[in-house]
Number of protein chains: 2
Amino acid sequence: MTNNNHKSISGMPSLSLFRLSLYLRYVKALECKGVESVSSKELSHRFSISSALVRKDLGFLGSLGKRGVGYDIAVLKNGLISALGIDKHWNVALVGAGRLGTALVRYTRRAEGPFRIAAILDKYPQRMTKARDLDMEVLHIDSLPEAVQERDIKIGIISVPGSAAQDVADKLVAAGVGAILNFAPAYIEAPDGIFVHNVDFIVYLENLAHHINTNSDIAD
Amino acid sequence: MTNNNHKSISGMPSLSLFRLSLYLRYVKALECKGVESVSSKELSHRFSISSALVRKDLGFLGSLGKRGVGYDIAVLKNGLISALGIDKHWNVALVGAGRLGTALVRYTRRAEGPFRIAAILDKYPQRMTKARDLDMEVLHIDSLPEAVQERDIKIGIISVPGSAAQDVADKLVAAGVGAILNFAPAYIEAPDGIFVHNVDFIVYLENLAHHINTNSDIAD
DNA sequence: AAATGTGAAACATTTCACAGCT
DNA sequence: AGCTGTGAAATGTTTCACATTT
């Protein structure tokens with residue numbers, strides 16, 4: 001009975017995948033409290049969705065639940081970790097050692113999860129005094145290819161100014177990463193097969209502005 | 001012919017709304033270059049979507065295009081700004097003046113958009129030496145209600161540790177904000193009518209890990 | 001009795017295809 | 001000729017409803 005078999009769930013809706021991460025964090029919290037099992041109903045309340053949707057989401061992991069009982073915390077946690085592909089460590093390169101980049105490095109370390117900042121790079125490594133307390137050398141961006149190869153880096157994080165973002169993305173792709181998380185205020189693209197998430201602060205604020213305007217007419 | 005009439009597009013798909021922000025940034029860039037008009041085809045290429053979808057999205061703003069020609073840049077820009085509800089300034093409160101918070105403040109200022117950080121708050125304002133170069137007093141979190149009232153703050157940004165996030169969210173809601181942007185590693189909830197975006201770094205990384213695993217079998 | 005797992009229905013979003021302007 | 005705007009079809013996602021299991 002191996003549990004090393006990566007499920008590799010390709011047909012899962014992308015929103016389901018995001019929710020799996022939320023479930024995992026909640027399940028971990030329950031585990032810390034010593035809880036032994038959880039129902040789709042409890043999860044549905046926590047995240048304001050329907051219990052049927054929770055069951056559909058968890059159905060992608062296989063039949064992990066017990067009818068009449070619920071989901072065993074340990075089984076569910078393992079299933080989620082396996083489905084998310086975080087049952088091993090992932091080395092990450094962070095490009096842009098400014099304030100945001102430094103915050104992200106510290107944040108990743110504190111999370112103590114499967115993600116390791118294996119390299120920090122910048123165009124001006126010597127100027128990055130902000131990053132000094134990170135206990136890690138800031139490399140010049142030109143050493144990206146070697147860093148990615150030698151340190152088996154699969155994911156790149158971009159925290160440079162918007163004007164430099166696409167260029168950095170191209171370099172990350174050329175160096176061989178498989179996915180990019182972009183925090184710069186620019187929509188970047190990558191070739192097929194390279195996954196990109198553009199996380200744009202201003203886009204979220206604009207979204208909220210619209211919602212406030214539309215919902216409750218607080219217009220002036 | 002007023003152009004102050006807020007369109008208040010309620011029935012727009014939420015993904016369309018996000019794309020409007022992307023279109024706006026691109027349209028602004030074209031405007032700077034002196035371009036006069038743009039087609040749905042060009043926009044569709046830029047964002048790797050179908051041109052029909054672009055036209056559907058822009059259709060929510062009204063019939064702004066000219067058949068056989070395309071969309072006038074100035075007209076489109078105004079339409080997007082109006083639809084997004086950013087044809088006026090929005091005062092924002094940022095809670096959590098650590099590294100991430102400081103980065104977000106500077107980022108917002110640099111963007112020179114409609115969003116103004118009108119108050120920065122923290123549980124330990126005096127300790128926030130990182131925020132010193134922001135040229136703004138860091139207030140104690142207890143003065144949130146007065147700050148929100150006096151400064152007409154409609155949006156709250158949370159950049160505190162995950163354990164404090166829901167508590168801060170509750171305080172923001174009590175103080176009267178209409179929407180919350182949460183960067184803390186916690187899924188926070190708010191009453192109906194208050195919009196929340198949970199932007200969770202780790203969730204994005206887990207998502208990418210899954211995609212890499214699923215797509216190209218780099219699994220050892 | 002309680003909760004899962006799942007087809008089928010309902011709903012939402014995207015693409016297709018083409019009529020209608022410029 | 002070129003491009004928008006838009007019903008209709010296709011696709012994707014969520015909810016419903018209930019048989020099934022503990």
Side-chain angles (χ1 to χ4, degrees), chain A residues 7 9-23 26-27 30 35-80 83 207 210-211 214, chain B residues 7 9-23 26-27 30 35-80 83 207 210-211 214:
Chain A
K7 294 275 171 172
I9 303 142
S10 303
M12 183 168 29
S14 70
L15 288 173
S16 290
L17 186 54
F18 275 109
R19 286 191 296 266
L20 295 190
S21 285
L22 304 182
Y23 302 155
Y26 187 60
V27 163
L30 290 177
V35 176
E36 304 257 305
S37 88
V38 66
S39 67
S40 60
K41 198 176 170 191
E42 181 178 348
L43 285 163
S44 75
H45 283 140
R46 176 66 186 90
F47 298 109
S48 301
I49 55 181
S50 78
S51 64
L53 183 54
V54 173
R55 293 196 296 278
K56 271 265 156 68
D57 287 343
L58 297 184
F60 286 108
L61 317 184
S63 287
L64 300 185
K66 284 203 185 84
R67 295 177 189 217
V69 180
Y71 299 86
D72 180 82
I73 288 288
V75 171
L76 184 53
K77 184 185 150 196
N78 285 338
L80 287 166
N207 213 269
H210 169 92
H211 282 306
T214 314
Chain B
K7 295 273 170 174
I9 304 142
S10 303
M12 183 167 29
S14 70
L15 288 174
S16 291
L17 186 54
F18 275 108
R19 285 190 297 267
L20 294 190
S21 285
L22 303 183
Y23 302 155
Y26 188 61
V27 164
L30 291 178
V35 176
E36 304 255 306
S37 87
V38 67
S39 68
S40 60
K41 198 175 169 192
E42 181 178 348
L43 284 163
S44 75
H45 283 141
R46 176 67 187 89
F47 298 109
S48 300
I49 55 181
S50 77
S51 64
L53 183 53
V54 173
R55 293 195 297 278
K56 271 264 155 70
D57 286 343
L58 298 183
F60 286 109
L61 318 183
S63 287
L64 300 185
K66 283 204 184 83
R67 295 176 189 217
V69 181
Y71 299 86
D72 180 84
I73 289 287
V75 171
L76 185 52
K77 184 184 151 198
N78 286 337
L80 288 166
N207 213 270
H210 168 93
H211 282 306
T214 314

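Throughout, a chain's letter reflects where its sequence line sits, starting with A, and its residues are numbered from 1. The structure displayed is predicted, hence computed values, not measured ones.
Remark: P of D:dG5 and CG of B:D57 are 12 Å apart, rounded to the nearest angstrom. As rounded to whole Å, 19 Å separates atom P of C:dT22 from atom CD of B:E36. When rounded to the nearest whole Å, the span between OH of A:Y23 and C1' of C:dT4 equals 14 Å. To the nearest angstrom, P of D:dG2 lies 9 Å from NZ of B:K41. Atom CD of B:E42 and atom P of D:dG2 are 16 Å apart (whole Å). As rounded to whole Å, 19 Å separates atom C1' of C:dT15 from atom CZ of B:F47. Look at CG on B:L64: it is 16 Å from C1' on C:dC21, rounded to the nearest Å. The distance from atom CG of B:D72 to atom C1' of C:dT22 is 14 Å, rounded to the nearest whole Å.
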- Item | Evaluation steps, side-chain contact (heavy atoms from CB on, under 4.5 Å), between B:H211 and A:L17 | CA-CA 10 Å; B:H211 282 306; A:L17 186 54; 3.9 Å; yes
- After noting the C-alpha distance and the side-chain angles of B:L30 and B:E42, does the key distance pass the side-chain contact (heavy atoms from CB on, under 4.5 Å) rule? CA-CA 11 Å; B:L30 291 178; B:E42 181 178 348; 4.0 Å; yes
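Minimum interatomic distance between B:R19 and B:D57 (heavy atoms only, all atoms of both residues): NE-OD2, 2.6 Å. Across B:H210 and A:A83, no two heavy atoms sit closer than the pair ND1-O, 2.8 Å. Heavy-atom minimum distance, A:L61 versus A:G79: CD1-C, 3.9 Å. When every heavy atom of B:F60 is checked against every heavy atom of B:S16, the shortest pair comes out as CE1-OG, 4.0 Å. When all heavy atoms are compared, the tightest approach of A:D72 to A:V75 is OD2-N, 3.1 Å. Contact detail for A:S50 and A:S44: the closest heavy-atom pair is C-CB, 3.6 Å.
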Between protein and nucleotides 20-22 of chain D, what N or O pairs are separated by less than 3.5 Å?
residue : atom : partner : partner atom : Å
D:dT20  : O4'  : A:R67   : NH1          : 3.4
D:dT20  : O2   : A:R67   : NH1          : 2.9
D:dT22  : O4'  : A:R67   : O            : 3.0

Expected rows: protein N/O vs nucleotides 9-13 of chain C N/O, under 3.5 Å:
none

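Within the 4.5 Å cutoff, the side chain of B:L58 has no heavy atoms near those of the B:L64 side chain. Looking at A:F47 and A:V54, their side chains never come closer than 4.5 Å, going by heavy atoms from C-beta outward.
Residue B:Y71 places at least one side-chain N or O closer than 4.0 Å to OP1 or OP2 of D:dG5. Phosphate proximity of D:dT15 to A:S50: present, with a side-chain N or O under 4.0 Å from OP1 or OP2.
For A:K56 against C:dT6, a side-chain-to-base donor-acceptor contact under 3.5 Å is absent.
Within 4.0 Å of B:S51, counting heavy atoms only, lies no atom of the nucleic acid at all. If you check every strand for non-hydrogen atoms under 4.0 Å, A:G59 touches nothing.
For A:R55, taking side-chain heavy atoms from C-beta onward, the closest of the listed nucleotides D:dT4, D:dC18, D:dT6 is D:dC18. Among the nucleotides C:dT6, C:dT4, C:dT15, the one closest to the side chain of A:A52 is C:dT6.
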